[in-house]
Colleague: 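Can you read through this structure? Questions will come right after.
Read the numbers this way: they start at 1 and go in the same order the structure lists the ligands and their atoms.
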Amino acid sequence: MKRTPLVAGNWKMNGGQSLVASMATALAEYQGVADVVVCPPFPYLASAREQLPAAIGLGAQNVSDQAEGAFTGEVAASMLAEAGCGYVIIGHSERRALYAESDAQIADKFAQVQAAGLIPVLCVGETLAEREAGNTDAVVCGQLQAVVDAVGVAAFARAVVAYEPVWAIGTGEEASPEIAQEVHAALKRAARKEIDTVALRVLYGGSVNADNANALMRMPDVDGVLVGGASLEALGFRQLCAQVAGSV
Ligand code: PGA
């Protein structure tokens, strides 16, 4: 059985008030069966929540690994909850690579997000070198396992996992639907022992657009998409959401 699909738009450090406004207009009439989540940068979260329809979810792109206190420049999960977020992306490969986030920190963030009542979207993915060395499953399942070890697998009943091969992000070279399916199945096998994996949604991310979303969504274990570049144009993003919604 397919899970309700989820489309999440990760703006990264792009966009502004005008994109918030155009996204709100574009999604005002959205009636598809897919859950849609928009993830703008921190300063736009509150106005996005005000302007987006209530049915559209709001997500942040990062969070502190601490609950509160003297951590200049950090943002706590409880603050994101107050701003109207329902989701938080954690462990994105850009944060792992450019900001040296460790598996341990990512596990702490995961716990903070859930403690605030929000849903973590845990990103995992292999580099091209890791894929070429035949280590894809070991790398992505290892990234998953590091969080499972810290918080327990039961916590994944209230989480989303996103498979984002590093070589496919922002490159225009998406993973084939078959590659995505293979890795998604491996991730679900890894989690299957203790939780009902029917409830665990695994998204694919990496150069997703309105042209390739359908073929990806036809795979049995692709439960949605995490979209970067193609989430920055409001009408195109709505079209992508409609494609994903139409795939079920
Ligand atoms: P992309 O980014 O869609 O621009 O490849 C995806 C992501 O990094 O989440």
Colleague: Report yes if some heavy atom in the side chain of Arg96 is under 4.5 Å from a heavy atom in the side chain of Ile106; otherwise report no.
Modeller: yes
Colleague: Does ligand 1 have any atom sitting under 4.0 Å from a heavy atom of Ser207?
Modeller: yes
Colleague: Determine whether the side chain, the backbone, both or neither of Ile169 has a heavy atom under 4.0 Å from any heavy atom of ligand 1.
Modeller: both
Colleague: If we count only N and O atoms by modelled type, under 3.5 Å, do the side chains of Tyr99 and Gln105 hold a donor and an acceptor together?
Modeller: no
Colleague: I need the atoms of ligand 1 closer than 4.0 Å to a non-hydrogen atom of Gly229, numbered in the order shown.
Modeller: 1 (P), 3 (O), 4 (O)
Colleague: Quick one: does Lys12 get within less than 4.0 Å of ligand 1, heavy atoms only?
Modeller: yes
Colleague: Quick check: does Leu226 get an N/O under 3.5 Å from an N/O on ligand 1?
Modeller: no
Colleague: So which heavy atom on Pro53 is nearest to which on Ala24, and how close?
Modeller: CD-O, 4.3 Å
Colleague: Is the closest N or O pair between Thr171 and ligand 1 shorter than 3.5 Å?
Modeller: no
Colleague: Just checking Phe110 against Phe156, ring centres under 6.0 Å apart?
Modeller: yes
Colleague: Should you measure from each heavy atom of Asn10, which atoms of ligand 1 turn up under 4.0 Å away?
Modeller: 9 (O)
Colleague: For ligand 1, which atoms, with element, lie under 4.0 Å from some heavy atom of Glu164?
Modeller: 6 (C), 7 (C), 8 (O), 9 (O)
Colleague: Is there at least one pair of N or O atoms, one from Glu94 and one from ligand 1, spaced under 3.5 Å apart?
Modeller: no
Colleague: In ligand 1, which numbered atoms sit nearer than 4.0 Å to a non-hydrogen atom of His92?
Modeller: 7 (C), 8 (O), 9 (O)
Colleague: Measure the shortest side-chain to side-chain distance between Ile119 and Val160 over non-hydrogen atoms and say whether it is less than 4.5 angstrom.
Modeller: yes
Colleague: For Val161 and Leu203, run side chain to side chain contact (heavy atoms under 4.5 Å, CB included): C-alpha distance rounded to whole Å, both residues' side-chain angles, the deciding distance at 0.1 Å, then the answer.
Modeller: CA-CA 6 Å; Val161 172; Leu203 314 182; over 6 Å; no
Colleague: Do Ile56 and Val37 have side chains that approach each other closer than 4.5 Å (heavy atoms only, starting at C-beta)?
Modeller: no
Colleague: Relative to ligand 1, is Ala168 under 4.0 angstrom through side chain, backbone, both or neither, heavy atoms considered?
Modeller: backbone
Colleague: Out of Gly170, Gly228, Cys39, indicate the one that has the non-hydrogen atom closest to atom 5 (O) of ligand 1.
Modeller: Gly170
Colleague: Between Leu187 and Val140, is any pair of side-chain heavy atoms under 4.5 Å apart?
Modeller: yes
Colleague: Below 4.0 angstrom from a heavy atom of Gly206, which ligand 1 atoms are there? Numbered from 1 as shown, please.
Modeller: 5 (O)
